[in-house]
Amino acid sequence: MSANAANATAMGLLAQAPATISQGVSYAMVNLRPYNQPVAQAITLVGLIYMLIFSFVVTMSNNAAREIIAPFLTTRAYIAYRLIAPLAIYLVLSFFYAMINLPFKVHFGAHFTYAGGFFLWWFGGLFLGMAAVGLATEFAITILGPKFIAFFLVPLIIVNTSVASLPHELQPWIFRYGLAMPFYNVSRMVRTIIFDTRNQIGMNCGILLAWIAVSFITISTATWLMRRKAVNEYWRDNASRDSERAEKPSH
């Protein structure tokens, strides 16, 4: 003040806005999308792990059932069974899994209506997400078998959970692959439904559908190759047994 007492311009500005020297400039935090539903933590991360585990249980159950009915099916019917049966189970299982959220009063109406948000979470999130990871395990069990499927399941859980908690912009560059992971896209989808964050549900569903499409191709190809190998081994064994009977002397 004393240093600028002779400065008429400064003194004039001070007379117009005396609060500039009595109160300093500050800022206030305004969270436009507050995390105001703590119960959503179970949906955005922990619940996705259970989703993968449930789909894995379906894969193991289907594998046991396929070994019983496979000899009675043609190759085309067998491939159709492997693709359609898991999806039918995922549809029912994901619906009951989504119903668990209702008693905990999760608010699904932040971006859409409550009913619309719930059914989008069930079908677009849980069903497509369960199909994306479940069909991937269906392909893996075809190649690895039930004894070694755990060597695929554990890395699948790790690479998905590593990228589901934070936006990829806040993570090191090595985790940028998360944009293509099912857990990340399901988590972004449910955050839009519950917290009204940026709406990228179309892209999220597209990535999940791409996982399903790739699994359809890989399961069909692997099943056809394994079935062809089994049929060739069956005819080879029959031919060797027939030749042994022919060489055996008759009495």
Quick check: do F96 and V92 have side-chain heavy atoms less than 4.5 Å from each other? yes
Could you tell me how the ring of H107 sits relative to the ring of Y114: parallel (under 30°), tilted (30 to 60°) or perpendicular (over 60°)? tilted
Output yes when a side-chain donor or acceptor of N185 lies under 3.5 Å from a complementary backbone atom of L179, and no otherwise. yes
Carefully, step by step, assess E169 and R176 under the rule salt bridge (Lys or Arg N to Asp or Glu O under 4.0 Å). CA-CA 8 Å; E169 293 87 355; R176 296 297 172 87; over 6 Å; no
If I compare all heavy atoms of L208 with all of G124, which pair ends up nearest, and what's the gap? CD1-O, 3.6 Å
Rounded to the nearest 0.5 Å, the CD1 atom of I217 sits from the CZ atom of F139 at a distance of 11.5 Å
Using a 3.5 Å distance criterion without hydrogens, assess whether the side chain of Y97 forms a donor-acceptor pair with backbone atoms of G47. yes
If you group Ile, Leu, Val, Met, Phe, Trp and Tyr by side-chain heavy-atom gaps below 4.5 Å, do I212 and I84 land in one group? no
Is the backbone of I201 close enough, under 3.5 Å, to the side chain of N199 for a donor and an acceptor to pair up by distance? yes
R191 side chain to T197 side chain, donor-acceptor N/O pair below 3.5 angstrom: no
Rounded distance [0.5 Å steps], CD1 in I100 versus OH in Y50: 10.5 Å
Kindly compute the distance separating CG (L128) from CG (N204), expressed to the nearest 0.5 Å. 10.5 Å
Between V163 and F183, is there a side-chain heavy-atom distance shorter than 4.5 Å? no
Pair S94, W122 - check side chain to side chain donor-acceptor pair (under 3.5 Å), show working. CA-CA 7 Å; S94 62; W122 159 53; 3.1 Å; yes
Establish, yes or no, whether the cationic atom of R227 lies under 6.0 Å from the six-membered ring centre of Y78 and within 45° of the ring axis. yes
If you define the side chain from C-beta out and look only at heavy atoms, does anything of W121 sit under 4.5 Å from I43? yes
So, do L225 and K229 sit near enough that their side-chain heavy atoms are less than 4.5 Å apart? no
R228, CZ atom: more than 12 neighbouring heavy atoms under 6.0 Å: no
Heavy-atom donor-acceptor pair, N160 side chain to L156 backbone, under 3.5 Å: yes
Could you tell me whether the side chain of S55 and the main chain of L52 form a donor-acceptor pair under 3.5 Å? yes
In Å and rounded to the nearest 0.5 Å, what is the OG1 to CZ distance from T59 to F152? 9.5 Å
Determine whether F56 and I149 make a side-chain contact, defined as any pair of heavy atoms from C-beta on separated by less than 4.5 Å. yes
The test is side-chain contact (heavy atoms from CB on, under 4.5 Å); show your working for V106 and F118 and say whether it passes. CA-CA 9 Å; V106 178; F118 171 79; over 6 Å; no
Any sub-3.5 Å donor-acceptor pair from T223's side-chain atoms to S220's backbone N or O? no
F216 side chain reached by L87 side chain, heavy atoms, under 4.5 Å: yes
Taking the side chain from N101 and the backbone from A98, do they hold a donor-acceptor pair closer than 3.5 Å? yes
Going hydrophobic residue to hydrophobic residue with side-chain gaps under 4.5 angstrom, can you get from M130 over to V214? no
Heavy atoms of other groups near Y177 OH, more than 12 under 6.0 Å: yes
Step by step, work out the side-chain contact (heavy atoms from CB on, under 4.5 Å) result for W224 and T75. CA-CA 7 Å; W224 182 80; T75 301; 3.9 Å; yes
Once rounded to the nearest 0.5 Å, what's the spacing between atom CG of L135 and atom CD1 of I219? 4.5 Å
OG on S165 to CG on L45, rounded to 0.5 Å: 4.5 Å
At their closest point, which heavy atom of S187 faces which heavy atom of A164, and how far apart are they? OG-O, 3.4 Å
Under 4.5 Å between any side-chain heavy atoms of I141 and T137, yes or no? no
Centroid-centroid under 6.0 Å between F127 and Y90 rings: no
Does the side chain of M189 come within less than 4.5 Å of T44's, by heavy atoms? no
Determine, stepwise, if the pair L153 / I157 fulfils side-chain contact (heavy atoms from CB on, under 4.5 Å). CA-CA 6 Å; L153 179 65; I157 294 176; 4.2 Å; yes
Hey, quick one: are L166 and I207 part of the same hydrophobic cluster, counting side-chain heavy atoms closer than 4.5 Å, chains of contacts allowed? no
Test side-chain contact (heavy atoms from CB on, under 4.5 Å) on H111 and I193 and set out the steps. CA-CA 5 Å; H111 190 86; I193 296 171; 5.8 Å; no
T218 (side chain) donor-acceptor with S215 (main chain) under 3.5 angstrom: yes
Check: T142 side chain, E138 main-chain N or O, donor-acceptor pair, under 3.5 Å: yes
If I compare all heavy atoms of P146 with all of M60, which pair ends up nearest, and what's the gap? CB-CE, 3.9 Å
Cluster check V186, V39: I/L/V/M/F/W/Y, side chain < 4.5 angstrom: yes
Without swapping roles, check the side chain of Y81 against the backbone of L73 for a donor-acceptor pair under 3.5 Å. no
Decide yes or no on side chain to side chain donor-acceptor pair (under 3.5 Å) for R188 and T192, but give the supporting numbers first. CA-CA 6 Å; R188 296 300 105 184; T192 299; over 6 Å; no
Are W211 and L48 grouped together when hydrophobic residues (ILVMFWY) are joined by side-chain heavy atoms under 4.5 angstrom apart? no
Is it the case that over 12 heavy atoms from other parts of the model lie below 6.0 angstrom from the CG atom of L102? yes
